[in-house]
Amino acid sequence: MNIQNKTRAMIEAALMVAITCVFGIIGTYIPVLTFILFFIPVPFIILGKRHGMSFTVLSIIASAMIIGSFTEPIYSIFVVVLPGVTAIVMGYMMKKEYSPSKILIGGALAALISSLLSIRLGSLISGVEILSHMSEVFEEMTNMQIGMYKSMGVGEENLQNLEMTLEATRKLAMMIVPSAIILSSAFLAYINYVLTIHILRRIGYKVETLPPLRYFRLPRSILMGTFLIAGLTMAARYFGFANYTTLVLNVFFIFQFIYLIQGLAVMSYFMISYRFAKPLRIFIYLFLLLSQRGAFIVATIGFIDAFVNLRKLKIDQ
């Protein structure tokens, strides 16, 4: 890298540090804008794609130091350093021109590791187990709702049914926390990647983009993986490696989400092929996705497509 390129890289790194610090401080002190913190990796991914990992790592360290000086030093670890792991992985893979699917997988794994480290570190610092605290919060919310309905004069029988429903919902929510963490990590990697691609293309940088949803397809190996994991899950019941019900629920939610995406791709393919109007397509998507049964049907379509290739697309091995 010549002097001119190094100078340009240093200027861009300083700009990314400034943007990250603004995002971090705004997201910290303005509660309604906390969602900005989810996009912290974007400036670092762009920097990694354009100028390599050394500038990315230095920018992450500089941002952490500056944000730590305005807030709490330990807070900067959660805001910058741990999300920076995702940025380093995705920026490196983009620099090496990996395929979009591999970049998303790598980013999702990095985001998952960052999330688990955040939970563990948060528990060590606060001295409170995060999951136990979440359970207590859910229980308090349940009790508040029950108390509200009691004050409204709801009948005893209806009140008991409501209490049973809320308690079952609370237990279910706690049981699917692992799958929720995994899926949210994948989602964060996806939105950061999409936003990064959009910005890079706007500034004239040529990057490979994700194919349209209607051409999304799972690799053939996903079927083997599905049956293998299903078999291992069933085996866990006899070997007692984990809570069987919790394990089944989490495996089910993860695979339902995976095949739901493919099911949406199948629907999008055929609706566009048959020239459905865009408002009608959006209505159908919302109608199905907002219904638990509808979402299951879409996921089933995706599972069938993984078997028989309804769209006759070329499937990766």
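These numbers were taken from a predicted model, which means no experiment stands behind them.
A chain of hydrophobic side-chain contacts below 4.5 Å, direct or via other Ile, Leu, Val, Met, Phe, Trp or Tyr residues, connects Tyr215 to Ile301. In this structure, Ile222 is not a member of the same hydrophobic cluster as Met224, with clusters built from ILVMFWY side-chain heavy atoms closer than 4.5 Å. Note on Ile60 and Val85: separate hydrophobic clusters, where clusters join Ile, Leu, Val, Met, Phe, Trp and Tyr whose side-chain heavy atoms are under 4.5 Å apart, directly or indirectly. In the hydrophobic clustering of ILVMFWY residues, with side-chain heavy atoms under 4.5 Å counting as a link, Ile297 and Ile258 come out together. Linking Ile, Leu, Val, Met, Phe, Trp and Tyr residues whenever their side-chain heavy atoms come within less than 4.5 Å leaves Val17 and Val79 in two separate clusters.
Within the model, atoms CG of Leu104 and CE of Met93 stand 9.0 Å from one another, a figure rounded to the nearest 0.5 Å. Distance OG/Ser114 to CG/Leu188: 10.0 Å, rounded to 0.5 Å. Remark: Leu82 CG to Ser115 OG distance equals 9.0 Å, nearest 0.5 Å. To the nearest 0.5 Å, the span separating CZ on Phe55 from CG on Leu47 amounts to 8.0 Å. In this structure, OG1 on Thr20 lies 5.5 Å from CD1 on Ile40, to the nearest 0.5 angstrom. Put simply, CG on Leu37 and OG1 on Thr28 are 5.5 Å apart, with the number rounded to the nearest 0.5 Å.
With Lys49 as reference, Val207 is the one residue of Thr56, Val207, Ile197 to meet the side-chain contact (heavy atoms from CB on, under 4.5 Å) rule.
The two residues Ala108 and Ala186 have their closest heavy-atom pair at CB-CA, 3.8 Å. Nearest approach of Leu183 to Phe257, heavy atoms of both residues: CD2-CD2, 3.5 Å. When every heavy atom of Ile19 is checked against every heavy atom of Pro43, the shortest pair comes out as CG2-CG, 4.2 Å. The shortest heavy-atom contact between Asn192 and Pro41 is OD1-CD, 3.5 Å. Of all the heavy atoms in Asn250 and Met175, the pair that sits closest is ND2-O, 2.8 Å. Shortest non-hydrogen contact noted between Ala64 and Val80 is N-CG1, 4.0 Å.
Taking the side chain as every heavy atom from C-beta outward, Leu210 and Tyr190 approach each other to under 4.5 Å. Under the 4.5 Å side-chain criterion, counting only non-hydrogen atoms from C-beta, Leu200 is in contact with Ile46. Residues Thr226 and Tyr259 form a side-chain contact, since some pair of their non-hydrogen atoms from C-beta on lies under 4.5 Å apart. Side chains of Phe38 and Pro83 form no contact here, defined as non-hydrogen atoms less than 4.5 Å apart. Side-chain contact check for Ile45 versus Met94: some heavy-atom pair is nearer than 4.5 Å. Residues His198 and Val194 have side chains not in contact (no heavy-atom distance under 4.5 Å, counting atoms from C-beta outward). Using a 4.5 Å cut-off on side-chain heavy atoms (C-beta onward), Ile229 and Ile254 make no contact.
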Query - Chi angles and distances behind the side chain to side chain contact (heavy atoms under 4.5 Å, CB included) call for Ile88, Phe44 - result: CA-CA 7 Å; Ile88 290 172; Phe44 300 131; over 6 Å; no
Requested in this report: Determine, step by step, whether Ile36 and Ile26 satisfy the side chain to side chain contact (heavy atoms under 4.5 Å, CB included) criterion, reporting the C-alpha distance in whole Å, the side-chain angles of both residues, the deciding distance to 0.1 Å, and the verdict.
Outcome: CA-CA 8 Å; Ile36 291 177; Ile26 288 177; 4.0 Å; yes
Query - Verdict with reasoning, Ser179 to Ile176, per side chain to side chain contact (heavy atoms under 4.5 Å, CB included) - result: CA-CA 5 Å; Ser179 59; Ile176 63 172; 3.6 Å; yes
Query raised in the report: Going through the distances and angles, do Arg214 and Arg311 end up as a side chain to side chain contact (heavy atoms under 4.5 Å, CB included)?
Result: CA-CA 9 Å; Arg214 63 184 181 275; Arg311 295 166 290 171; 5.5 Å; no
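The environment of Phe216 atom CZ is dense: over 12 non-hydrogen atoms of other residues, nucleotides or ligands sit within 6.0 angstrom. Around the OH atom of Tyr92, the shell of radius 6.0 Å holds no more than 12 heavy atoms that belong to other residues, nucleotides or ligands. Other residues, nucleotides and ligands place more than 12 heavy atoms under 6.0 Å from the CZ atom of Arg281. A 6.0 Å sphere centred on CZ of Phe78 holds more than 12 heavy atoms belonging to other residues, nucleotides or ligands. More than 12 non-hydrogen atoms from other residues, nucleotides or ligands lie less than 6.0 angstrom from OH of Tyr205. Few gaps surround CZ on Phe255; more than 12 heavy atoms of other groups in view lie less than 6.0 Å from it.
Residue pairs satisfying the side chain to side chain donor-acceptor pair (under 3.5 Å) criterion with at least one member in residues 93-108, sequence neighbours excluded, are listed as follows: Ser99-Ser101.
Taking the ring centroids of Phe303 and Phe307, they lie under the 6.0 Å cut-off.
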Run the side-chain donor-acceptor check on residues 261-271: report pairs under 3.5 Å with partners two or more places apart or on a different chain.
{"residue": "Gln262", "atom": "OE1", "partner": "Leu218", "partner atom": "N", "Å": "2.8"}
{"residue": "Gln262", "atom": "NE2", "partner": "Asp305", "partner atom": "OD2", "Å": "2.7"}

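Side-chain N or O atoms of Ser291 include none that pairs as donor or acceptor with a backbone N or O of Leu288 at under 3.5 Å.
Ring geometry, Phe39 versus Phe35: the interplanar angle exceeds 60°, so the pair is classed perpendicular (tilted spans 30 to 60°).
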